[in-house]
Amino acid sequence: MGSIKRSDESILVCVYYGLNGERLIRRGHKLASLLDCPLYILTVDSNPLDAFDVEKSGYIEKWTELSQELNVEKFIVRDNEKRPIQKVIAEVAREYNITQIIVGQSAQSRWEEITKGSFLNVLLKEVPFVDFHIVSVKRQSVDNDNGNFEKGVRAYIIRDEDNYKITFTCPKREHLEGIFFKEIGTDFDNGIFKFPFEHKMNEVTIKEGYVGNPYAIQPLFENKSH
């Protein structure tokens, strides 16, 4: 962004959750750099953003940072989307005047149906001006790093004297809103709390209901009070 790019080409990379998302984004960036044209990233999910589990939230955060690093024109997240994926892709393609779309072919990816004739035919009919790049990606191994947490729930961080604690009912006083991912197998509120700040997802640890690293939270409350 900021530099003048050719307007006759525009690339859209479609990513779903998995280790191959970064590879697809970098492939799109390489092509966009060669063509000197805008690059857009799209991910689609049927769940609302605040219901994403810790793994999905992690990917959104990584892709957001990568998009900023690569100077991507826009990272588009279509959450709570109940329409067929091809309808969403076609809508975004028209909205941003996309001429080329990059998707990944993976046995474990929701995008695998892209390679089926019926799906591709629907897209070609809806956006006949678009060229498709089907990129072969490796089958993703099972990642257990995030298997220690339950599904995220909406939560709030409030000040409690010199500490900050988590609550699950919306407080009337000053607070931070986010998603709490509780550790599996614990009776206490132990886990991680993720919250949006300055256009990216941030996180703090929660130990027995309190923020484990309060220094990361304190400046945010001070900013709110000004």
Side-chain angles (χ1 to χ4, degrees), residues 12-29 39-70 72 74-89 91-92 101-114 119 135 137-157 166 168 176-186 189-206 211-212 216:
L12 176 68
V13 177
C14 299
V15 292
Y16 195 59
Y17 308 103
L19 301 177
N20 298 303
E22 181 176 346
R23 180 187 174 196
L24 292 175
I25 292 173
R26 292 191 180 279
R27 175 71 67 88
H29 176 256
L39 173 65
Y40 298 88
I41 311 299
L42 169 67
T43 188
V44 183
D45 199 287
S46 59
N47 295 317
L49 191 62
D50 59 14
F52 284 8
D53 60 23
V54 65
E55 183 177 17
K56 288 184 178 181
S57 296
Y59 282 121
I60 294 295
E61 181 179 351
K62 290 178 183 177
W63 295 336
T64 299
E65 293 176 352
L66 184 59
S67 296
Q68 294 171 348
E69 174 191 332
L70 299 179
V72 169
K74 188 172 185 180
F75 174 36
I76 306 163
V77 179
R78 290 293 178 88
D79 65 322
N80 202 24
E81 185 58 71
K82 307 306 180 185
R83 295 175 296 168
I85 298 176
Q86 62 266 34
K87 294 286 186 181
V88 182
I89 296 175
E91 179 181 87
V92 171
I101 293 178
I102 297 177
V103 294
Q105 176 187 1
S106 170
Q108 290 187 333
S109 171
R110 197 174 168 198
W111 299 110
E112 68 173 326
E113 56 183 313
I114 293 279
F119 186 93
V135 179
V137 293
K138 295 180 180 179
R139 180 185 295 267
Q140 180 182 343
S141 60
V142 177
D143 183 3
N144 291 320
D145 291 344
N146 296 310
N148 297 324
F149 299 96
E150 298 177 1
K151 183 179 180 180
V153 296
R154 187 185 299 273
Y156 309 87
I157 296 293
I166 192 167
F168 301 96
L176 284 177
E177 181 178 347
I179 306 297
F180 175 62
F181 299 94
K182 184 178 180 180
E183 289 182 1
I184 294 175
T186 177
D189 287 328
N190 296 325
I192 60 175
F193 176 80
K194 283 181 169 283
F195 61 96
F197 181 70
E198 292 186 343
H199 309 293
K200 68 176 184 178
M201 293 298 291
N202 300 267
E203 70 176 59
V204 291
T205 58
I206 302 296
V211 174

Is there a side-chain contact between [X] and [Y] (heavy atoms, below 4.5 Å)?
X	Y	value
Val77	Trp63	no
Val92	Arg78	yes
Phe195	Val204	yes
Val54	Ile192	yes
Phe181	Val153	no
Phe193	Ile157	yes
Val15	Glu22	no

- Can you sort out the partners of Asp79 under salt bridge (charged side-chain N to carboxylate O under 4.0 Å, His left out), two or more places apart, ordered by chain and number?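 Residues passing salt bridge (charged side-chain N to carboxylate O under 4.0 Å, His left out) with Asp79: none at all.
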In Å, rounded to the nearest 0.5 Å, how long is the span from [atom1] of [X] to [atom2] of [Y]?
X	Y	atom1	atom2	result
Lys182	Asp189	NZ	CG	5.5 Å
Glu81	Glu91	CD	CD	7.0 Å
Asn190	Phe180	CG	CZ	7.0 Å
Arg83	Ile89	CZ	CD1	11.0 Å
Leu49	Asn80	CG	CG	10.0 Å
Phe75	Ile41	CZ	CD1	7.5 Å

- Just by distance, do the side chain of Lys194 and the backbone of Ser57 share a donor-acceptor pair under 3.5 Å?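 No; zero donor-acceptor contacts below 3.5 Å.
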- Task: Please determine which of Val72, Val13, Leu39, Ile76 meets the side chain to side chain contact (heavy atoms under 4.5 Å, CB included) test together with Ser67.
- Result: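 Filter result, single survivor: Val72.
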- Step by step, would you call Ile101 with Cys14 a side chain to side chain contact (heavy atoms under 4.5 Å, CB included)? CA-CA 7 Å; Ile101 293 178; Cys14 299; 3.9 Å; yes
- Do Thr64 and Lys62 pass the side chain to side chain contact (heavy atoms under 4.5 Å, CB included) test, and can you show the C-alpha distance, the side-chain angles, and the key distance before you say yes or no? CA-CA 5 Å; Thr64 299; Lys62 290 178 183 177; over 6 Å; no
- Item | Nearest atoms (heavy-atom pairs only) where Leu66 meets Ile25 |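 Taking every non-hydrogen atom into account, CD2-CG2, 3.7 Å.
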- Task: Search all heavy atoms of Lys56 against all heavy atoms of Asp45 and return the closest pair with its distance.
- Result: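 Looks like NZ-OD2, 3.0 Å.
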- Partners of Tyr156 by ring-ring contact (aromatic ring centres under 6.0 Å, His included), sequence neighbours excluded?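 His175.
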- Message: With a 4.0 Å cut-off on N to O distance, would you call Arg26 and Glu69 a salt bridge?
- Response: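 Salt bridge present between Arg26 and Glu69.
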